[in-house]
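We use all heavy atoms of the structure for the numbers below, so side chains are in, but hydrogens, waters and symmetry mates are not. A note on names: the letters A, B, ... follow the listed sequences, proteins ahead of strands, and every chain is numbered from 1.
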Amino acid sequence: MKATNMAEIEFLSRSTNEGFARSAAACFAAQLDPTLDELGDIKTAVSEAVTNAIVHGYPDRLGKVLLRLRVLPEQVLEVTVRDWGVGIPDVAQARVPMFTTGGSERSGMGFTIMESFTDTMRVRSIPGKGTTVTMRKRIAQRASAR
Amino acid sequence: MRETGRCVYRLSGEIDHHRAQQLTQELQTVLDTRLPGALELDFTAVSFMDSSGIALVLRARRGMEELGGTLRLTHLPRQAERVLRTAGIHRLVEMDQDGEGGER
């Protein structure tokens with residue numbers, strides 16, 4: 001699908017960038033005039049995807065994370081989070097609720113929340129090469145904007 | 001000596017993986033030193049929460065189970081409440097939305 005606007009941000013896999021990434025996504029999404037709830041959904045989904053890249057993509061080194069934001073036709077926001085880390089050997093297993101290879105501070109609910117808070121989610125991963133998560137969310141056209 | 005009273009622990013700011021370790025340690029200190037009979041996690045000042053908050057709440061629940069006490073989440077902003085509901089936490093822990101809840 002052809003994008004009408006696009007932004008890309010590349011950052012190091014430091015946990016302090018989790019807040020930066022979700023705020024940047026929210027700022028970009030503002031052009032679609034989302035509700036506070038929709039904005040909250042976007043920030044949450046981005047936070048989960050970026051945290052996965054930082055925690056699981058690069059478990060023992062720093063690496064680069066790419067956040068790509070696109071506006072697609074019909075008020076659809078597309079968020080892509082990509083890393084070049086270790087990859088996920090079994091994506092289906094990783095998407096199972098409560099499954100985690102993280103410690104006690106992780107809940108294993110990241111993918112479940114990304115799926116619930118967006119319209120579509122696609123995960124592509126190659127062990128040793130990295131992981132790409134693409135999520136799309138349609139922002140409702142508000143009556144006042146017509 | 002076991003303190004049987006109610007303890008209100010006020011969370012604030014953005015609860016994410018970046019802050020998870022610090023928050024978990026702070027919560028554990030509250031559980032270990034106050035030994036509350038009833039713990040209330042007050043979310044009034046929480047501006048954002050992702051799934052890291054689920055792990056934190058489950059840690060609090062486990063701690064209160066060990067102490068034989070109760071856990072309640074109060075003044076939950078909508079965004080944090082949606083995250084917890086998606087994980088089914090409302091079936092495990094008493095939750096009051098923002099505007100409901102007990103006295104401050």
Point to revise | side chain to side chain contact (heavy atoms under 4.5 Å, CB included) evaluation trace for B:Glu14 with A:Glu18 | key: CA-CA 10 Å; B:Glu14 307 206 323; A:Glu18 292 157 12; over 6 Å; no
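For the residue pair A:Arg106 / B:Ser52, a side-chain donor-acceptor distance below 3.5 Å is found, with atom types taken as modelled. With 3.5 Å as the limit, one finds no donor-acceptor pair spanning the side chains of B:His17 and A:Thr51.
At a threshold of 4.5 Å between side-chain heavy atoms, the hydrophobic network of Ile, Leu, Val, Met, Phe, Trp and Tyr places A:Val123 and A:Val46 in one connected group.
Here the CD atom belonging to A:Glu115 is positioned 11.5 Å from the OG1 atom belonging to B:Thr86, to the nearest 0.5 angstrom. Taking CZ of A:Phe20 as the start and NE2 of B:His18 as the end, the distance is 14.0 Å to the nearest 0.5 Å. Remark: A:Asp41 CG to B:Arg78 CZ distance equals 10.0 Å, nearest 0.5 Å.
Looking at B:Thr24, only its side chain comes within 4.5 Å of chain A, counting heavy atoms on both sides.
Chain A forms the most heavy-atom pairs under 4.5 Å with one residue out of B:Val83, B:Leu58, B:Leu56, and that residue is B:Val83.
A donor-acceptor contact shorter than 3.5 Å is absent between the side chain of A:Glu48 and the backbone of B:Asp50.
With respect to B:Arg82 and A:Asp37, no salt bridge is recorded, no charged nitrogen being found less than 4.0 Å from a carboxylate O.
Between A:Arg22 and B:Asp16, some side-chain heavy-atom pair lies under the 4.5 Å cut-off.
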